[in-house]
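Structure first, then comments.
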Amino acid sequence: MEAMVGIYIVGMTYTPETIEPKWQRRWAERRTNEPDLDGAPKPFYNLMMFPYPSAEGLHVGNFYAFTGADVFGRFQRLRGYQVFEPMGFDAFGIHSENYALKVGVNPAELIPKNIKNFTRQLTALGGMFDWKHTLATTDPAYYKWTQWIFLQLFKAGIAYKKKAAVNWCPSCKTVLANEQVEAGVCERCKSPVEQRNLEQWFFRITGYAERLLANLDDSDKMDWSASTAAAQRNWIGRSAGAQIDFPTAAGSAIRVFTTRPDTIFGATFMVLAPEHSLVEAVTTAEQGAAVDRYRRAAAAKDVVSRRVGDKEKTGVFTGGYATNPMTKKPVPIWIADYVLMEYGTGAIMAVPGHDERDFAFATRYGLEIVRVIAGAEEPDSAPLAEAMVEIDGCRLVNSGQYSGQSVSDGSKAIVAALEAAGIGQGMVKYRLYDWCISRQRYWGPPIPIIYCDGCGPVAVPERDLPVELPLIDDFRPDDSGISPLARHKEWYHVGCPECGKPARRETDVSDTFLDSAWYHLRYLSTELADRPFDSARVKRWLPVASYIGGNEHAVLHLLYARFVTMVLHDQGLLHFDEPYRRFRAHGLIVKDGAKMSKSRGNVVIPDEYIAKWGADSFRLFLMFLGPFEEGGDFRDAGLSGPRRFLERLWDLVEQCERRTLTGEELHRSIVVKWHATKKKVTGDIEALGYNTAIAAMMEFLNAMRDSNCSERSIVKDLVIMVAPFAPHFAEECWERLGGQSSVFDAAWPTWDEALTIDSVVEIAVQVNGKTRATVRIPRGASESGALERALRDPTVKRFVEGKERKKVIYVKDRLINIVVAG
RNA sequence: GCUCGGGUGGCGAAACCGGUAGACGCAAGGGACUUAAAAUCCCUUGGGGGUAACCCCGUGAGGGUUCGAGUCCCUCCCCGAGCACCA
């Protein structure tokens, strides 16, 4: 018999380099991954964040995210769902444009090449993608409908135009995105960046703030990673307070927003944002020059450094005074750039005693600081060495009739008094800004608006969509400060759709986040040219059942997609108002503890790993690295483990193919372990606990080998369970085991709950809480039985003998703890 | 500063509701096979002590609750991510 061992059968080795292309070909030929969008009885929409097709190709971080999402999709498919798993390309935007500028080639020429390369990589990965329904946001057939969506918002009054500050590089003569500004200078030419006020298009997302917030708590609509939901709550930034008018000698009152109306008696001065419209009215002749100088300096700063929080506070006295409506005292009016025009009313009542920023400002300029809040044991006029911001257990002091009240009572009473006097009211404000969608750039969908001197801004009629982005040679921004599209005269000049007179096109293009705010709708209907999305398909497939993506998009993309969905819902176009039923944020793959980036030179390209180990081993390896929702450090050292696992499973398939096992005794231990493994793997995958699911399968495979078992039905089910992780491998094994169609048409294994637990358990025996031994007893044994068995153990005996037994704690099937004296 | 994660062997990590800490994998060491190596297979592997049976210590630090704490409570330190003058 010994001669049998070590026989090597030619052609039976696991060779991913031949198996993987074979199955990728078959999947395409058999249309394995193209569900019937119009008739699927159990549809499951499995979405992942589409990539921006860079020239470098996909890196390991992308592969990690896609694999994790794909595993879940394949799992759902095996559980009997028809899974729609589309993939597309987010190809517009500043990254493409900057790269194109650098190499001097129009992005329209570069993008198709990049997409081709991405498609090759994604195919090699073995994703369950429905390539029949792919899309690229740069395709006119796609952005036609992006423009259509803009028009829906325009018609609903949600899109509007206003002046807003942008970063302007005077040397490059172009608008910069915030991330292109580094420490106040242009990242390309290093010249100081300034602000410019341009007319831009906005979406009134602030009108949806309350709803965007409320839905986050509605578990019927949203089952999201807590971290993502928290980021959104943060970003929306609801704060409750009051709006209060402070009369001025100049006539018009200054309206402020505060979250602490209870501290109004401590408001000893006021601060306006430098851009505030009342600055001129309140400024006196003597202060005029200083105020002007300060306002000009503030305007010269770039948008980013204006907002940096830790810099020293500066400001200028306007010479004017307002009256504190509670103390009736005059309070000086200052301007300072720590007050932002964009938030609240652009003006504050400064309470230096109880606000850190106001305290710093007052200290620097010698302004009065009054205590109006004191702690329980604190005297009313204890000096303030710093701003005192505590609220709990504090009371109002030096606040007239309100002194002595708690912060919350005082707050309510003061707001009521202000409301009664008609000079204030309780109010809620949000940190959330309206979404600026204008980009003074080339590489984006043109905003479909035409300006007519007679009719004003007119929507491009739907029949004229798309407004195609012209292919122009010089897409470089120039001195004019407006989009390069304005130079393309035959495109720029157009007849007014309403009156026919000469008119001009909007030259701004829209933000890429608008492209990605609705792509999940388009995937379903990519072959339909006459509508953005087919409503019957929308009804069948949406909202998205599972969306997996990175938390770097926690606020922008995910919030904008929710907002656009709400608007379309309100227009009666969608039957739901939240697009993603379940969202899970995956972790980040880093390299040597740092984010992968080209500048660091630590980007890992997956192609070589797939070539060396095979996509299946690589997928398994990535998923085994650690918890999927936490990410991890990429280290290629561990790749051999998953590969070995596949080879051993391959051998097991091989064994049950060759041997006809009749009457092989299935040990009870294997049966129990098998049922427990099926249960664990199922539960773990459901919760995205991929690493532990894989560990459980490895452990079970080890058990099979140890007990020399290769029971065919078990091996078949094990192959099904590794299929989500190693799809090509599983297909090949399935075929060898006699499977006729795809392994993904098989059914996910089920288990017998009663067989997941053994009839004999090993319990810990503790003496005074320290484990001294373990004993095997029947499951569900009584305390007396367990104790009797435990006391027979020699080690336990030594620790309890001659001592008074005070107490016995028995946790059934777990442990028994004997507490003794001394 | 705020919010959310996290800190467990040489490394990646596991541990249900408070109940045998370190599953699974990597690396390392030893052995088998081989002329040899690779591959494969078997064994060992948290630290310390002991000839051994065994014993002590151990989950970032310090306290606490408990028969029992990686897990709960308090105080603090460190790392990562995001937001950041939001009135």
Side-chain angles (χ1 to χ4, degrees), chain A residues 5-6 8 225-231 233-235 237-239 241 256-260 263 271 306-311 313 336-340 342-351 355-358 360-361 429-433 551-552 554-555 585 587-588 590 593-595 620-621 624-627 629-642 644-645 647-648 651 680 683 689 691-702 705 762-774 794-795 798 806-820:
Chain A
V5 182
Y8 177 76
S225 288
S227 59
T228 314
R233 274 188 205 101
N234 238 338
W235 184 262
R238 182 184 199 275
S239 47
V256 300
F257 175 71
T258 177
T259 53
R260 296 290 306 276
T263 62
V271 185
R306 168 73 192 271
R307 296 243 177 106
V308 170
D310 52 2
K311 68 168 193 258
K313 291 185 177 28
D337 68 0
Y338 80 90
V339 174
L340 305 171
E342 296 86 350
Y343 186 76
T345 60
I348 61 163
M349 63 173 209
V351 183
D355 181 283
E356 281 165 16
R357 296 152 303 176
D358 298 345
F361 193 79
K429 291 273 180 200
Y430 301 91
R431 204 202 75 114
L432 182 70
Y433 298 115
N551 246 345
E552 67 273 18
V555 287
L588 209 64
V590 297
K595 220 183 207 163
L620 206 52
F621 162 73
F624 188 57
L625 216 59
E629 289 172 272
E630 280 168 36
D633 208 11
F634 184 86
R635 221 162 277 173
D636 46 14
L639 254 160
S640 56
R644 262 199 283 265
F645 167 69
E647 276 168 1
R648 287 169 182 174
D651 290 346
K680 175 161 178 60
N691 57 332
T692 49
I694 294 166
M697 289 191 282
M698 288 175 165
E699 196 179 334
F700 180 72
L701 181 67
N702 291 345
R705 287 158 58 84
E762 193 177 59
I763 66 163
V765 182
Q766 298 184 339
V767 179
N768 289 349
K770 285 197 170 185
T771 304
R772 296 298 176 185
T774 61
T795 308
R798 261 194 302 123
K806 291 170 78 177
K807 196 170 168 186
V808 172
I809 294 122
Y810 178 56
V811 182
K812 203 175 258 181
D813 303 333
R814 276 272 166 207
L815 61 69
I816 186 161
N817 185 10
I818 303 160
V819 185
V820 295

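Proteins come first, then strands; the chains are lettered A, B, ... in the order of their sequence lines, and each starts at number 1.
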How long is the straight-line distance from [atom2] of [Y] back to [atom1] of [X], given to the nearest 0.5 Å?
| X | Y | atom1 | atom2 | answer |
| --- | --- | --- | --- | --- |
| A/Arg260 | A/Asp355 | CZ | CG | 9.0 Å |
| A/Asn817 | A/Tyr810 | CG | OH | 13.0 Å |
| A/Phe634 | A/Phe621 | CZ | CZ | 5.0 Å |

For [X], which contact category applies under a 4.0 Å heavy-atom criterion: base, sugar-phosphate, or nothing?
| X | result |
| --- | --- |
| A/Thr345 | nothing |
| A/Ala231 | nothing |
| A/Thr771 | sugar-phosphate |
| A/Glu762 | base |
| A/Ser640 | sugar-phosphate |

Tell me every residue that passes side-chain hydrogen bond (donor to acceptor under 3.5 Å, both in side chains) with [X], counting only those two or more places apart in sequence or in another chain.
| X | answer |
| --- | --- |
| A/Asp633 | A/Arg635 |
| A/Arg233 | A/Asp217 |
| A/Asp651 | none |
| A/Arg705 | none |

Using the [atom1] atom in both, what is the distance from [N] to [M], to the nearest Å?
| N | M | atom1 | result |
| --- | --- | --- | --- |
| B/U45 | B/G31 | C1' | 15 Å |
| B/C55 | B/U51 | C1' | 15 Å |
| B/G6 | B/U71 | P | 14 Å |
| B/G50 | B/C33 | P | 35 Å |
| B/A87 | B/C4 | C1' | 24 Å |
| B/C77 | B/C26 | C1' | 31 Å |
| B/G63 | B/A13 | P | 29 Å |
| B/A69 | B/A52 | C1' | 33 Å |

For A/Glu630, what residues pass the side-chain contact (heavy atoms from CB on, under 4.5 Å) criterion, not counting sequence neighbours? A/Pro627
Under the rule for side-chain contact (heavy atoms from CB on, under 4.5 Å), what residues qualify as partners of A/Ala360, not counting sequence neighbours? A/Lys313
Assign B/C17 to syn or anti; the rule is syn for a glycosidic angle within 90° of 0 and anti otherwise. syn
Enter syn or anti for the glycosidic conformation of B/G9, syn applying to angles within 90° of 0. syn
Could you state the [atom1]-[atom2] distance from [X] to [N], rounded to the nearest angstrom?
| X | N | atom1 | atom2 | result |
| --- | --- | --- | --- | --- |
| A/Glu356 | B/A84 | CD | P | 18 Å |
| A/Asn551 | B/G6 | CG | P | 13 Å |
| A/Trp235 | B/C4 | CH2 | P | 18 Å |
| A/Tyr433 | B/A84 | OH | C1' | 10 Å |
| A/Lys313 | B/A87 | NZ | P | 14 Å |
| A/Lys770 | B/U20 | NZ | C1' | 14 Å |
| A/Leu588 | B/G82 | CG | C1' | 12 Å |
| A/Glu342 | B/A84 | CD | P | 12 Å |

Do you know which of A/Val767, A/Ile809, A/Val811, A/Val765 makes side-chain contact (heavy atoms from CB on, under 4.5 Å) with A/Ile816? A/Val765
A/Asp358: which residues meet the salt bridge (charged side-chain N to carboxylate O under 4.0 Å, His left out) condition with it, sequence neighbours left out? none
Return a single string for nucleotides 10-19 of chain B, one symbol per nucleotide in 5' to 3' order, where B is base contact, S is sugar-phosphate-only contact and - is none, cutoff 4.0 angstrom on heavy atoms. -SBSS-B--B
Reading 5' to 3' through nucleotides 41-53 of chain B, protein heavy-atom contacts under 4.0 Å coded B for base, S for sugar-phosphate only, - for none: S------------
By ring pair (Phe, Tyr, Trp, His ring centres under 6.0 Å), which residues pair with A/Tyr430, not counting sequence neighbours? none
With sequence neighbours excluded, tell me which residues meet ring pair (Phe, Tyr, Trp, His ring centres under 6.0 Å) with A/Phe624. none
Can any side-chain N or O of A/Asp813 pair as donor or acceptor with the backbone N or O of A/Ile763 at less than 3.5 Å? no
Would you say a side-chain N or O of [X] is under 4.0 Å from OP1 or OP2 of [N]?
| X | N | result |
| --- | --- | --- |
| A/Asn234 | B/A84 | no |
| A/Arg431 | B/A87 | no |
| A/Ser239 | B/A87 | yes |
| A/Arg772 | B/C56 | yes |

Taking Watson-Crick and G-U wobble pairs with both distances under 3.5 Å, convert RNA chain B into its dot-bracket string, 5' to 3', dots for unpaired and | for cross-strand pairs. (((((((..(((......[....))).(((((.......))))).((((....))))..(((((..]....))))))))))))....
Starting at the 5' end of RNA chain B, which residue's closest nucleotide do you reach first, A/Arg260 or A/Ala773? A/Ala773
Go nucleotide by nucleotide along RNA chain B from the 5' end; which of A/Thr259 and A/Ala695 gets its closest nucleotide reached first? A/Ala695
